[in-house]
Amino acid sequence: MAFKIGLLGLGTVGTGTAEIIYNPQGRHPLLNDITIAKIGVKSLEKQRTIDIPPEVLTTDLESIVTDPHIDLVVELIGGLEPARTLILKAIASGKHVVTANKAVIARYGQEIFEAAKKAKVYVLLEAAVGGGIPIVEPLKQSLGANRLETIIGIVNGTTNYILTEMTEKGSDFGEVLQEAQALGYAEADPTADVEGYDAADKISILASLAFDRQIKREDVYSEGITSITSSDIDYADKLGYVIKLLAIAQKPRQNQENLELRVHPTLVEKSHPLANVNGVFNAILVEGQPLGQVMFYGPGAGSGPTASAVVADILNIVGVLQSNHGANSLDPLLSSSPSKIAPIAPIDDVSTRFYARFLCADVPGVIGHLGTVFGDFGVSLASVVQIGFQDNLAEIVVVTHQVKEGSFHSAIKKIQELEAIKKIPSMIRVL
Ligand SMILES: NC(=O)C1=CN([C@@H]2O[C@H](COP(=O)(O)OP(=O)(O)OC[C@H]3O[C@@H](n4cnc5c(N)ncnc54)[C@H](OP(=O)(O)O)[C@@H]3O)[C@@H](O)[C@H]2O)C=CC1
Ligand SMILES: N[C@@H](CC=O)C(=O)O
Ligand code: NA
(Lines give C-alpha, C1' and ligand atoms only; values in the text may rest on other atoms or scores of the structure.)
(Ligands and ions follow the chains in the order given, each with its own letter.)
Protein backbone atom coordinates (compact mmCIF):
# COMPACT_ATOMS: atom_id res chain seq x y z
CA MET A 1 0.00 0.00 0.00
CA ALA A 2 1.36 3.43 -0.93
CA PHE A 3 2.62 5.58 1.88
CA LYS A 4 1.52 9.19 1.33
CA ILE A 5 3.79 12.15 1.89
CA GLY A 6 2.74 15.76 2.37
CA LEU A 7 5.73 17.93 1.44
CA LEU A 8 5.91 21.43 2.92
CA GLY A 9 8.31 23.47 0.78
CA LEU A 10 9.67 23.04 -2.74
CA GLY A 11 12.86 25.09 -2.51
CA THR A 12 16.44 23.80 -2.52
CA VAL A 13 15.83 20.79 -0.26
CA GLY A 14 12.17 20.21 -1.17
CA THR A 15 13.03 20.00 -4.87
CA GLY A 16 15.91 17.56 -4.17
CA THR A 17 13.56 15.43 -2.08
CA ALA A 18 10.82 15.37 -4.73
CA GLU A 19 13.41 14.45 -7.41
CA ILE A 20 14.47 11.37 -5.42
CA ILE A 21 10.92 10.26 -4.66
CA TYR A 22 9.80 10.73 -8.28
CA ASN A 23 12.80 8.74 -9.53
CA PRO A 24 13.07 5.62 -7.36
CA GLN A 25 14.90 3.44 -9.94
CA GLY A 26 18.17 2.04 -8.60
CA ARG A 27 17.54 3.32 -5.08
CA HIS A 28 16.09 1.50 -2.06
CA PRO A 29 13.07 -0.62 -3.14
CA LEU A 30 10.94 0.83 -0.31
CA LEU A 31 10.86 4.08 -2.32
CA ASN A 32 8.41 2.36 -4.68
CA ASP A 33 5.87 2.35 -1.82
CA ILE A 34 6.06 6.13 -1.32
CA THR A 35 4.07 8.80 -3.14
CA ILE A 36 3.88 12.56 -2.78
CA ALA A 37 0.23 13.44 -2.25
CA LYS A 38 0.55 17.21 -1.78
CA ILE A 39 3.22 19.91 -1.85
CA GLY A 40 2.78 23.18 0.03
CA VAL A 41 4.48 26.32 -1.30
CA LYS A 42 4.24 30.07 -0.90
CA SER A 43 3.73 30.93 -4.56
CA LEU A 44 1.88 28.92 -7.21
CA GLU A 45 3.25 31.20 -9.94
CA LYS A 46 6.94 30.55 -9.27
CA GLN A 47 8.92 28.77 -12.02
CA ARG A 48 10.01 25.33 -10.76
CA THR A 49 12.94 23.22 -11.96
CA ILE A 50 10.85 20.06 -11.57
CA ASP A 51 7.53 19.10 -13.23
CA ILE A 52 4.81 18.81 -10.60
CA PRO A 53 1.18 18.04 -11.51
CA PRO A 54 -0.68 21.32 -10.80
CA GLU A 55 -3.26 19.59 -8.57
CA VAL A 56 -0.44 18.50 -6.20
CA LEU A 57 0.66 22.07 -5.42
CA THR A 58 -1.16 24.19 -2.85
CA THR A 59 -0.55 27.28 -0.75
CA ASP A 60 -2.82 25.91 1.98
CA LEU A 61 -0.23 24.16 4.18
CA GLU A 62 -2.67 23.61 7.02
CA SER A 63 -4.84 21.47 4.74
CA ILE A 64 -1.80 19.21 4.19
CA VAL A 65 -0.94 18.67 7.85
CA THR A 66 -4.56 17.83 8.69
CA ASP A 67 -5.32 15.77 5.55
CA PRO A 68 -6.52 12.33 6.76
CA HIS A 69 -5.02 10.66 3.66
CA ILE A 70 -1.48 11.82 4.41
CA ASP A 71 0.72 9.57 6.56
CA LEU A 72 3.88 11.64 6.89
CA VAL A 73 4.62 15.37 6.69
CA VAL A 74 8.04 16.52 5.48
CA GLU A 75 8.69 20.07 6.69
CA LEU A 76 11.14 21.91 4.44
CA ILE A 77 9.93 25.50 4.60
CA GLY A 78 12.46 26.60 7.24
CA GLY A 79 12.16 29.43 9.79
CA LEU A 80 10.41 29.29 13.15
CA GLU A 81 6.82 30.07 12.19
CA PRO A 82 4.66 28.75 10.65
CA ALA A 83 7.03 25.73 10.67
CA ARG A 84 6.66 25.00 14.40
CA THR A 85 2.86 25.28 14.36
CA LEU A 86 2.57 23.14 11.24
CA ILE A 87 4.80 20.42 12.75
CA LEU A 88 2.70 20.39 15.95
CA LYS A 89 -0.54 20.27 13.96
CA ALA A 90 0.78 17.40 11.85
CA ILE A 91 1.66 15.51 15.04
CA ALA A 92 -1.72 16.27 16.58
CA SER A 93 -3.30 14.86 13.41
CA GLY A 94 -1.37 11.61 13.94
CA LYS A 95 1.24 12.14 11.23
CA HIS A 96 4.90 11.26 11.38
CA VAL A 97 7.20 14.18 10.67
CA VAL A 98 10.55 14.52 8.94
CA THR A 99 12.21 17.93 9.11
CA ALA A 100 15.49 19.62 8.13
CA ASN A 101 14.69 22.57 10.35
CA LYS A 102 17.46 22.89 12.95
CA ALA A 103 16.23 26.33 14.05
CA VAL A 104 12.87 24.91 15.14
CA ILE A 105 14.28 21.71 16.64
CA ALA A 106 17.00 23.53 18.63
CA ARG A 107 14.39 25.85 20.19
CA TYR A 108 11.19 23.80 20.31
CA GLY A 109 12.53 20.24 20.11
CA GLN A 110 11.32 19.30 23.56
CA GLU A 111 7.78 20.51 22.94
CA ILE A 112 7.74 18.71 19.58
CA PHE A 113 9.23 15.42 20.87
CA GLU A 114 6.85 15.30 23.83
CA ALA A 115 3.86 15.88 21.55
CA ALA A 116 5.18 13.16 19.22
CA LYS A 117 5.63 10.69 22.08
CA LYS A 118 2.06 11.32 23.22
CA ALA A 119 0.71 10.94 19.70
CA LYS A 120 2.95 7.86 19.11
CA VAL A 121 4.48 9.29 15.95
CA TYR A 122 8.09 9.75 14.87
CA VAL A 123 9.86 13.07 14.33
CA LEU A 124 13.15 12.52 12.49
CA LEU A 125 15.70 15.20 11.57
CA GLU A 126 18.78 13.72 9.93
CA ALA A 127 18.97 16.58 7.43
CA ALA A 128 18.99 19.20 10.19
CA VAL A 129 22.65 18.58 11.05
CA GLY A 130 25.51 17.96 8.66
CA GLY A 131 23.22 17.96 5.58
CA GLY A 132 23.79 14.64 3.83
CA ILE A 133 26.15 13.26 6.49
CA PRO A 134 24.52 10.56 8.63
CA ILE A 135 25.17 11.88 12.16
CA VAL A 136 21.80 12.03 13.93
CA GLU A 137 21.05 8.36 13.30
CA PRO A 138 24.56 7.23 14.42
CA LEU A 139 24.24 9.22 17.66
CA LYS A 140 20.88 7.56 18.35
CA GLN A 141 21.81 4.07 17.21
CA SER A 142 25.25 3.03 16.00
CA LEU A 143 27.13 4.83 18.80
CA GLY A 144 24.63 3.85 21.51
CA ALA A 145 27.11 1.55 23.24
CA ASN A 146 29.46 4.45 24.00
CA ARG A 147 29.70 7.04 26.74
CA LEU A 148 30.05 10.07 24.51
CA GLU A 149 32.35 12.82 25.75
CA THR A 150 33.18 15.34 23.06
CA ILE A 151 31.84 16.52 19.72
CA ILE A 152 33.85 18.92 17.58
CA GLY A 153 32.35 19.80 14.25
CA ILE A 154 32.42 21.96 11.18
CA VAL A 155 28.65 22.02 10.82
CA ASN A 156 27.92 25.03 8.64
CA GLY A 157 28.54 24.62 4.92
CA THR A 158 28.15 28.30 4.03
CA THR A 159 30.84 29.56 6.43
CA ASN A 160 33.19 26.70 5.60
CA TYR A 161 32.75 27.53 1.91
CA ILE A 162 33.45 31.22 2.60
CA LEU A 163 36.53 30.56 4.77
CA THR A 164 37.90 28.06 2.23
CA GLU A 165 37.48 30.49 -0.69
CA MET A 166 39.05 33.31 1.36
CA THR A 167 41.97 31.03 2.29
CA GLU A 168 42.60 29.42 -1.08
CA LYS A 169 41.76 32.26 -3.47
CA GLY A 170 41.96 35.34 -1.28
CA SER A 171 38.33 36.02 -2.24
CA ASP A 172 36.24 38.77 -0.75
CA PHE A 173 33.81 37.79 2.05
CA GLY A 174 30.72 39.44 0.50
CA GLU A 175 31.26 37.95 -2.96
CA VAL A 176 31.74 34.43 -1.64
CA LEU A 177 28.64 34.73 0.54
CA GLN A 178 26.65 35.57 -2.60
CA GLU A 179 28.07 32.47 -4.31
CA ALA A 180 27.05 30.31 -1.33
CA GLN A 181 23.54 31.77 -1.54
CA ALA A 182 23.33 31.08 -5.28
CA LEU A 183 24.43 27.49 -4.67
CA GLY A 184 21.54 27.03 -2.19
CA TYR A 185 23.80 26.54 0.85
CA ALA A 186 22.86 29.61 2.87
CA GLU A 187 19.77 30.10 5.04
CA ALA A 188 17.00 32.43 3.78
CA ASP A 189 18.58 35.02 6.08
CA PRO A 190 22.33 34.27 5.87
CA THR A 191 22.91 36.10 9.18
CA ALA A 192 22.19 32.74 10.83
CA ASP A 193 25.11 31.22 8.93
CA VAL A 194 27.74 33.94 9.19
CA GLU A 195 27.01 34.85 12.83
CA GLY A 196 27.26 31.22 13.96
CA TYR A 197 23.59 30.84 14.99
CA ASP A 198 22.97 27.97 12.56
CA ALA A 199 26.03 26.10 13.88
CA ALA A 200 24.83 26.78 17.44
CA ASP A 201 21.43 25.28 16.59
CA LYS A 202 23.18 22.21 15.21
CA ILE A 203 25.58 21.66 18.11
CA SER A 204 22.64 22.03 20.53
CA ILE A 205 20.86 19.22 18.70
CA LEU A 206 23.97 17.00 18.62
CA ALA A 207 24.73 17.61 22.30
CA SER A 208 21.15 16.82 23.25
CA LEU A 209 21.37 13.49 21.42
CA ALA A 210 24.89 12.61 22.57
CA PHE A 211 24.42 13.48 26.24
CA ASP A 212 20.67 12.74 26.47
CA ARG A 213 19.93 16.17 27.90
CA GLN A 214 17.68 19.08 26.98
CA ILE A 215 19.75 22.06 25.91
CA LYS A 216 18.65 25.64 26.46
CA ARG A 217 19.57 27.06 23.07
CA GLU A 218 19.82 30.62 24.39
CA ASP A 219 22.68 29.55 26.69
CA VAL A 220 24.91 28.42 23.81
CA TYR A 221 27.74 30.87 23.10
CA SER A 222 28.19 31.73 19.42
CA GLU A 223 30.53 33.96 17.54
CA GLY A 224 30.51 34.09 13.74
CA ILE A 225 33.08 34.75 11.02
CA THR A 226 32.20 38.32 10.04
CA SER A 227 35.24 39.78 11.75
CA ILE A 228 37.74 37.32 10.24
CA THR A 229 39.99 39.16 7.80
CA SER A 230 42.39 37.98 5.13
CA SER A 231 45.24 39.17 7.41
CA ASP A 232 44.07 36.75 10.12
CA ILE A 233 43.98 33.96 7.54
CA ASP A 234 47.52 34.85 6.37
CA TYR A 235 48.94 35.01 9.91
CA ALA A 236 47.26 31.73 10.79
CA ASP A 237 48.80 30.17 7.70
CA LYS A 238 52.29 31.41 8.64
CA LEU A 239 51.90 29.91 12.11
CA GLY A 240 50.78 26.54 10.69
CA TYR A 241 47.02 26.89 11.18
CA VAL A 242 43.81 27.31 9.18
CA ILE A 243 40.75 29.14 10.49
CA LYS A 244 37.55 27.11 10.82
CA LEU A 245 34.18 27.86 12.41
CA LEU A 246 34.00 25.08 15.02
CA ALA A 247 31.04 23.94 17.07
CA ILE A 248 32.20 22.23 20.25
CA ALA A 249 30.31 20.23 22.86
CA GLN A 250 31.98 18.76 25.90
CA LYS A 251 30.19 16.67 28.50
CA PRO A 252 30.72 17.81 32.12
CA ARG A 253 34.36 17.36 33.13
CA GLN A 254 35.27 15.55 36.36
CA ASN A 255 33.66 17.17 39.43
CA GLN A 256 31.75 19.63 37.20
CA GLU A 257 28.05 19.76 36.45
CA ASN A 258 27.98 21.97 33.40
CA LEU A 259 28.18 21.03 29.75
CA GLU A 260 30.41 23.18 27.58
CA LEU A 261 28.78 24.27 24.32
CA ARG A 262 30.17 26.93 21.99
CA VAL A 263 30.62 28.05 18.41
CA HIS A 264 33.46 30.29 17.29
CA PRO A 265 36.16 30.74 14.65
CA THR A 266 39.14 28.66 15.67
CA LEU A 267 42.76 28.20 14.59
CA VAL A 268 43.15 24.54 13.72
CA GLU A 269 46.60 23.03 13.16
CA LYS A 270 47.06 22.08 9.51
CA SER A 271 47.74 18.46 10.46
CA HIS A 272 44.40 18.11 12.29
CA PRO A 273 41.74 16.10 10.38
CA LEU A 274 39.26 19.03 10.59
CA ALA A 275 41.78 21.38 8.93
CA ASN A 276 41.36 19.62 5.61
CA VAL A 277 37.56 19.80 5.52
CA ASN A 278 36.96 22.39 2.82
CA GLY A 279 34.23 24.06 0.80
CA VAL A 280 30.67 23.05 1.59
CA PHE A 281 31.89 19.88 3.29
CA ASN A 282 31.19 19.36 6.98
CA ALA A 283 32.85 16.98 9.42
CA ILE A 284 31.94 15.95 12.92
CA LEU A 285 34.50 14.38 15.21
CA VAL A 286 32.86 12.37 17.99
CA GLU A 287 34.77 10.96 20.93
CA GLY A 288 33.48 8.41 23.38
CA GLN A 289 34.34 5.28 25.28
CA PRO A 290 35.17 2.60 24.38
CA LEU A 291 35.16 3.58 20.68
CA GLY A 292 37.66 6.44 20.86
CA GLN A 293 37.39 8.93 18.00
CA VAL A 294 35.25 8.64 14.90
CA MET A 295 34.85 11.30 12.21
CA PHE A 296 31.80 11.77 9.99
CA TYR A 297 32.55 13.66 6.77
CA GLY A 298 30.54 14.71 3.73
CA PRO A 299 28.56 17.44 2.00
CA GLY A 300 26.93 19.60 4.67
CA ALA A 301 24.45 21.53 2.54
CA GLY A 302 22.94 21.65 -0.95
CA SER A 303 19.90 20.18 -2.61
CA GLY A 304 20.83 16.55 -3.37
CA PRO A 305 22.92 15.78 -0.26
CA THR A 306 20.35 17.25 2.12
CA ALA A 307 17.51 15.50 0.31
CA SER A 308 19.43 12.23 0.70
CA ALA A 309 19.15 12.65 4.50
CA VAL A 310 15.46 13.64 4.31
CA VAL A 311 14.61 10.56 2.26
CA ALA A 312 16.67 8.33 4.58
CA ASP A 313 14.40 9.45 7.44
CA ILE A 314 11.27 8.78 5.37
CA LEU A 315 12.57 5.28 4.55
CA ASN A 316 13.38 4.63 8.20
CA ILE A 317 9.83 5.45 9.24
CA VAL A 318 8.23 3.49 6.40
CA GLY A 319 10.51 0.52 7.13
CA VAL A 320 9.70 0.47 10.85
CA LEU A 321 5.97 0.86 10.23
CA GLN A 322 5.96 -1.93 7.67
CA SER A 323 7.90 -4.31 9.90
CA ASN A 324 5.85 -3.83 13.07
CA HIS A 325 2.54 -3.68 11.20
CA GLY A 326 1.46 -0.54 13.01
CA ALA A 327 2.15 -1.88 16.55
CA ASN A 328 1.11 0.73 19.06
CA SER A 329 4.56 1.68 20.35
CA LEU A 330 7.57 3.66 19.13
CA ASP A 331 10.97 2.17 18.34
CA PRO A 332 13.18 3.62 21.14
CA LEU A 333 16.17 3.76 18.78
CA LEU A 334 14.32 6.12 16.44
CA SER A 335 12.36 8.30 18.84
CA SER A 336 14.04 10.60 21.36
CA SER A 337 12.98 12.91 24.14
CA PRO A 338 15.55 13.65 26.85
CA SER A 339 13.96 14.46 30.19
CA LYS A 340 16.65 16.38 32.09
CA ILE A 341 17.88 19.88 31.32
CA ALA A 342 21.67 20.30 31.19
CA PRO A 343 23.19 23.43 32.68
CA ILE A 344 25.68 25.05 30.32
CA ALA A 345 28.92 26.59 31.56
CA PRO A 346 29.20 30.37 31.11
CA ILE A 347 31.79 31.08 28.41
CA ASP A 348 34.13 32.74 30.94
CA ASP A 349 34.48 29.38 32.73
CA VAL A 350 35.52 27.50 29.59
CA SER A 351 39.22 26.77 29.04
CA THR A 352 40.79 27.22 25.64
CA ARG A 353 43.95 28.49 23.95
CA PHE A 354 44.03 31.93 22.33
CA TYR A 355 45.85 33.64 19.50
CA ALA A 356 45.96 37.44 19.79
CA ARG A 357 47.52 40.04 17.51
CA PHE A 358 48.65 43.37 18.95
CA LEU A 359 49.71 46.58 17.23
CA CYS A 360 52.13 48.39 19.57
CA ALA A 361 54.44 51.36 19.67
CA ASP A 362 57.90 49.97 18.91
CA VAL A 363 59.38 50.81 22.29
CA PRO A 364 61.79 48.73 24.34
CA GLY A 365 60.19 46.33 26.78
CA VAL A 366 56.72 46.10 25.19
CA ILE A 367 56.88 42.33 24.85
CA GLY A 368 57.97 42.14 28.50
CA HIS A 369 54.97 44.25 29.58
CA LEU A 370 52.58 41.98 27.69
CA GLY A 371 54.14 38.91 29.34
CA THR A 372 53.92 40.47 32.79
CA VAL A 373 50.23 41.35 32.52
CA PHE A 374 49.33 37.93 31.15
CA GLY A 375 51.37 36.37 33.99
CA ASP A 376 49.51 38.48 36.57
CA PHE A 377 46.23 36.93 35.42
CA GLY A 378 47.60 33.38 35.33
CA VAL A 379 47.73 33.26 31.52
CA SER A 380 50.65 31.15 30.42
CA LEU A 381 52.10 31.94 26.99
CA ALA A 382 53.16 29.30 24.47
CA SER A 383 54.76 31.85 22.15
CA VAL A 384 55.24 35.60 21.66
CA VAL A 385 56.65 36.80 18.35
CA GLN A 386 57.08 40.13 16.68
CA ILE A 387 56.07 39.42 13.10
CA GLY A 388 56.61 42.79 11.46
CA PHE A 389 55.48 46.39 11.24
CA GLN A 390 52.22 47.98 10.14
CA ASP A 391 51.88 51.79 9.88
CA ASN A 392 55.04 52.17 12.03
CA LEU A 393 53.55 49.96 14.71
CA ALA A 394 55.12 46.68 15.77
CA GLU A 395 52.90 43.67 15.16
CA ILE A 396 53.13 41.12 17.95
CA VAL A 397 51.39 37.76 17.97
CA VAL A 398 50.79 35.83 21.17
CA VAL A 399 49.59 32.24 21.48
CA THR A 400 48.56 31.11 24.96
CA HIS A 401 48.42 27.73 26.64
CA GLN A 402 45.01 26.54 27.94
CA VAL A 403 43.48 29.36 29.92
CA LYS A 404 40.06 30.19 31.37
CA GLU A 405 38.33 32.61 29.00
CA GLY A 406 37.54 34.90 31.94
CA SER A 407 41.25 35.19 32.92
CA PHE A 408 42.28 35.84 29.33
CA HIS A 409 39.73 38.64 28.91
CA SER A 410 40.68 40.22 32.25
CA ALA A 411 44.31 40.28 31.08
CA ILE A 412 43.30 41.79 27.74
CA LYS A 413 41.34 44.53 29.54
CA LYS A 414 44.48 45.44 31.49
CA ILE A 415 46.67 45.24 28.37
CA GLN A 416 44.37 47.70 26.58
CA GLU A 417 45.31 50.22 29.27
CA LEU A 418 49.03 49.95 28.45
CA GLU A 419 50.38 53.10 26.79
CA ALA A 420 52.29 51.15 24.12
CA ILE A 421 49.31 49.04 22.99
CA LYS A 422 47.52 50.84 20.17
CA LYS A 423 45.19 48.17 18.83
CA ILE A 424 44.25 44.49 19.25
CA PRO A 425 42.99 43.63 15.75
CA SER A 426 42.23 39.98 16.45
CA MET A 427 41.74 37.44 19.19
CA ILE A 428 40.91 33.95 17.97
CA ARG A 429 40.68 30.72 19.91
CA VAL A 430 43.05 27.89 19.10
CA LEU A 431 41.98 24.23 19.13
N1 LIG B 1 19.69 24.49 1.73
C2 LIG B 1 20.43 23.62 2.38
O3 LIG B 1 21.52 23.23 1.93
C4 LIG B 1 19.94 23.05 3.65
C5 LIG B 1 18.77 23.46 4.23
N6 LIG B 1 18.34 22.92 5.41
C7 LIG B 1 17.07 23.34 5.98
O8 LIG B 1 16.03 22.90 5.11
C9 LIG B 1 14.92 23.79 5.20
C10 LIG B 1 14.58 24.30 3.79
O11 LIG B 1 15.67 24.99 3.28
P12 LIG B 1 15.77 25.38 1.72
O13 LIG B 1 15.21 24.32 0.89
O14 LIG B 1 17.19 25.79 1.52
O15 LIG B 1 14.84 26.68 1.69
P16 LIG B 1 14.27 27.45 0.42
O17 LIG B 1 14.15 28.88 0.80
O18 LIG B 1 15.05 27.10 -0.81
O19 LIG B 1 12.81 26.83 0.24
C20 LIG B 1 11.76 27.08 1.12
C21 LIG B 1 10.47 26.52 0.53
O22 LIG B 1 9.43 26.67 1.47
C23 LIG B 1 8.35 27.41 0.93
N24 LIG B 1 7.87 28.28 2.00
C25 LIG B 1 8.59 29.05 2.83
N26 LIG B 1 7.80 29.68 3.72
C27 LIG B 1 6.53 29.30 3.41
C28 LIG B 1 5.27 29.61 3.96
N29 LIG B 1 5.13 30.45 4.98
N30 LIG B 1 4.18 29.03 3.38
C31 LIG B 1 4.31 28.21 2.34
N32 LIG B 1 5.50 27.85 1.80
C33 LIG B 1 6.58 28.41 2.33
C34 LIG B 1 8.91 28.20 -0.25
O35 LIG B 1 7.86 28.39 -1.19
P36 LIG B 1 8.12 29.08 -2.63
O37 LIG B 1 8.97 28.10 -3.39
O38 LIG B 1 6.78 29.25 -3.21
O39 LIG B 1 8.83 30.36 -2.34
C40 LIG B 1 10.01 27.25 -0.74
O41 LIG B 1 9.47 26.30 -1.64
C42 LIG B 1 15.36 24.90 6.18
O43 LIG B 1 14.91 24.56 7.46
C44 LIG B 1 16.89 24.82 6.13
O45 LIG B 1 17.49 25.28 7.32
C46 LIG B 1 19.04 21.94 6.06
C47 LIG B 1 20.20 21.48 5.54
C48 LIG B 1 20.77 22.02 4.32
N1 LIG C 1 22.82 27.06 5.80
C2 LIG C 1 23.22 25.77 6.21
C3 LIG C 1 22.48 24.74 5.43
C4 LIG C 1 22.59 23.41 5.98
O5 LIG C 1 22.27 23.15 7.13
C6 LIG C 1 24.71 25.60 5.99
O7 LIG C 1 25.30 26.40 5.28
O8 LIG C 1 25.28 24.65 6.54
NA1 NA D 1 22.74 14.74 8.55
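First listed ligand is number 1; within each ligand, the first listed atom is number 1.
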Ligand 1 versus T306: contacting region, heavy-atom distance under 4.0 Å: side chain
Ligand 2 versus A186: contacting region, heavy-atom distance under 4.0 Å: backbone
Region of T59 engaging ligand 1 - heavy atom pairs below 4.0 Å: neither
Short N-O contact, K202 and D198, less than 4.0 angstrom: yes
Options S43, G16, G78, G40, ranked by nearest heavy atom to atom 38 (O) of ligand 1, top entry: S43
Atoms of ligand 1, numbered as shown, that sit under 4.0 Å from any heavy atom of P82: 29 (N)
N, O or S atom of P134 closer to the Na ion (ligand 3) than 3.0 Å: no
Interfacing atoms of ligand 2 (cut-off 4.0 Å, heavy-atom, N156): 2 (C), 6 (C), 7 (O), 8 (O)
R48 to ligand 1, any heavy atom closer than 4.0 Å: yes
Any A127 heavy atom less than 4.0 Å to ligand 1: yes
Atom 13 (O) of ligand 1 [closest protein heavy-atom partner, distance rounded to 0.1 Å]: V13 N, 2.8 Å
cation_pi(R84, Y108) dist<6.0 Å, angle<=45: yes
Parallel, tilted or perpendicular, as decided by the 30° and 60° cut-offs, for the rings of Y161 and Y185: perpendicular
Part of A301 within contact of ligand 1 (heavy atoms, under 4.0 Å): both
Pairing of K95 and D67 as salt bridge, 4.0 angstrom limit: no
G302 N/O to ligand 1 N/O under 3.5 Å: yes
Nearest neighbour in protein (non-hydrogen) for atom 26 (N) of ligand 1: K42 CE, 3.5 Å
Backbone or side-chain N/O/S of G131 under 3.0 Å of the Na ion (ligand 3): yes
Sub-4.0 Å heavy-atom contact, G300 with ligand 2: yes
Part of D193 within contact of ligand 2 (heavy atoms, under 4.0 Å): side chain
Any N, O or S atom of A128 closer than 3.0 Å to the Na ion (ligand 3): no
Closest approach of any protein heavy atom to atom 2 (C) of ligand 1, naming residue and atom: G184 O, 3.5 Å
Geometric class of the F374/F358 ring pair [parallel <30°, tilted 30-60°, perpendicular >60°]: perpendicular
Where ligand 2 meets K202 - atom numbers and elements under 4.0 angstrom, heavy-atom basis: 2 (C), 4 (C), 5 (O), 6 (C), 8 (O)
Shortest protein heavy-atom distance from atom 14 (O) of ligand 1, along with the residue and atom involved: T12 CB, 3.6 Å
Check ion pair K140-E126 (N to O, under 4.0 angstrom): no
